Amino acid sequence: MLDYRIYEHPIIDFKRGRLIKFTYNGNIIEAYEGESILASLYALGYRVFSRSPDGSRPRGAFCMIGKCSSCLSYVNNVPNTRICIEPVRDGINVVSGDGIPEPPANISSASVRKEIVDTDVLVIGAGPAGLQAALKLGEKGVDVVLVTDHFRLGGQLVKQTHKFFGDTRYYGGVRGFKIAEKLVNELKKYSTIKTYTRAFAYGFFGEGYMGIAVQGEEPVNLLVKPRYTIIATGATERMILFENNDLPGVMGAGGAQTLMNEYGVRPGENALVVGSGNVGLIVAYQLLQAGVRVHGIIEIMREIGGWIVHAAKVRRYGVPILTGHTITRVEGAEKVEKAIVAAVDDKLNPIQGSEKEYSVDLVLLAVGLQPNYALLSQMGATMKYIPEAGGLVPVRTKYMETSIPGVFVAGDLTGIEEATTAFIEGEIAAYTILERMGFTDVITERDRLVDFLWNEYRMSPVISRARQGKLKATVTEEEMEKLRRGMDI
């Protein structure tokens, strides 16, 4: 039997839960408690988890955070279940997705319990921004409802094995998964913080109610009515166009990190990384740590996009970085078997005759992220397309308030940056809410953070593009009032 689980790792000691069994396409699968269904299957060599609507093309793991549709399957006869964020349980029956499913006949809204919750603050997203905001609110005894669609808290921190750079106040020198552990443990100190995992914020409705679908043995339709809301939904992986880019084995870099660093599962044996930004360089090094051979890093631009310190690490292991190259296609039957790359001209078009072939089973796309803006857009917030910020982002004030009074944002949803700024933005949003609730003692610290963020931290040349994007999305209080009245600014 194939086994892609990682048993020795230079940084992480994978402590797996008890052995359990479930059924997949009629076969008995052995898994470990704490794994997602997809991670358990991937560890045993499964690569195809669903098929295209017409059934002709296989689909494999891509994002691993429940934001794409590549792993939609049936779980106990419920279709369109994202098995990458669905935990394994004893005795469940899982069937791979195939085409467009029929809705289950035995499920109705009447069978789902409804619960109405009034709270001071609703925080949507439990990554660095959401967790930091919730903790600052909890310190003041504020009632907080914190929700995440994953079955564990921590967001993208749980899969980051590298040590963070920057200010030690924001965990500089600490590995990401250790930061997640610390923050989650801190949450337990505050009885006023109520957390919901496997909870999907699906819409904002009249009279200020947010609909939250909470999955579990007894599903709950949670209608939360908060005085204030912080949305920290993060970002999703980008895709690029090339032939057969939907073939299993083409995966987002973050998806590979989830398999390797969260679940201890090797995402492949031979890999090619597309993109030489910090994410691409870091994930290439993490692949090496997991025992995966990295054949190269491909970068369409003429220069490496990430920090030299990260590039130096992979080069010491003999991994070539090919600038001025792009991927043109992958080949394989039901999964990637070969990748073809080519040099590009000054207009970034592939040069005929320059092709190189790589025998790989894994192609990782580290080509950027885009803000996960859907919920905020549905709420009616003013949005703006800013390429430097990663796409469509909410317009907000320097105190992180959107055009919807009382609704705040923080983290990559506001524009792609990194974890340190997510922590800071989460704090700024929390402090502003606390000020409105009468905690005037937080104003000095809030304003100090705003000054530090804009006039010190973001002044670094290496994040100048992110700074430009954030500046374009930030307006004054006076300009925000005009937007709320439907006026141009």
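All values below come from the heavy atoms of this structure, side chains included, with hydrogens, waters and symmetry mates left out. None of the values given here were measured: they were computed from a predicted structure.
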For the pair Lys67 and Asp149, find out whether any cationic side-chain nitrogen is under 4.0 Å from an anionic carboxylate oxygen. yes
Below 4.0 angstrom, N of the basic side chain to O of the carboxylate: do Glu86 and Arg198 qualify? yes
Go through the structure and list residues passing ring-ring contact (aromatic ring centres under 6.0 Å, His included) with Phe242, not counting sequence neighbours. none
Heavy atoms, side chains only, cut-off 4.5 Å: are Leu153 and Thr197 in contact? yes
Salt bridge (Lys or Arg N to Asp or Glu O under 4.0 Å) partners for Glu181, two or more places apart: Lys178
So does Lys338 pair up with Glu355, basic N to acidic O under 4.0 Å? no
Going through the distances and angles, do Tyr42 and Tyr263 end up as a ring-ring contact (aromatic ring centres under 6.0 Å, His included)? CA-CA 10 Å; Tyr42 208 99; Tyr263 299 116; over 10 Å; no
For this output row, return yes or no: ring centroids of Tyr317 and Tyr285 closer than 6.0 angstrom. yes
Among residues at least two apart in sequence or on other chains, which ones pass salt bridge (Lys or Arg N to Asp or Glu O under 4.0 Å) with Arg465? none
Should Asp346 and Arg302 count as an ion pair when the cut-off is N to O under 4.0 Å? yes
Begin with the C-alpha distance, continue with both residues' side-chain angles, and end with the deciding distance and a verdict on side chain to side chain contact (heavy atoms under 4.5 Å, CB included) for Tyr4 and Tyr46. CA-CA 10 Å; Tyr4 282 82; Tyr46 289 91; over 6 Å; no
Whether Arg467 engages the ring of Tyr457 as a cation-pi pair (distance to the six-membered ring centre under 6.0 angstrom, angle to the ring normal within 45°) should be assessed. no
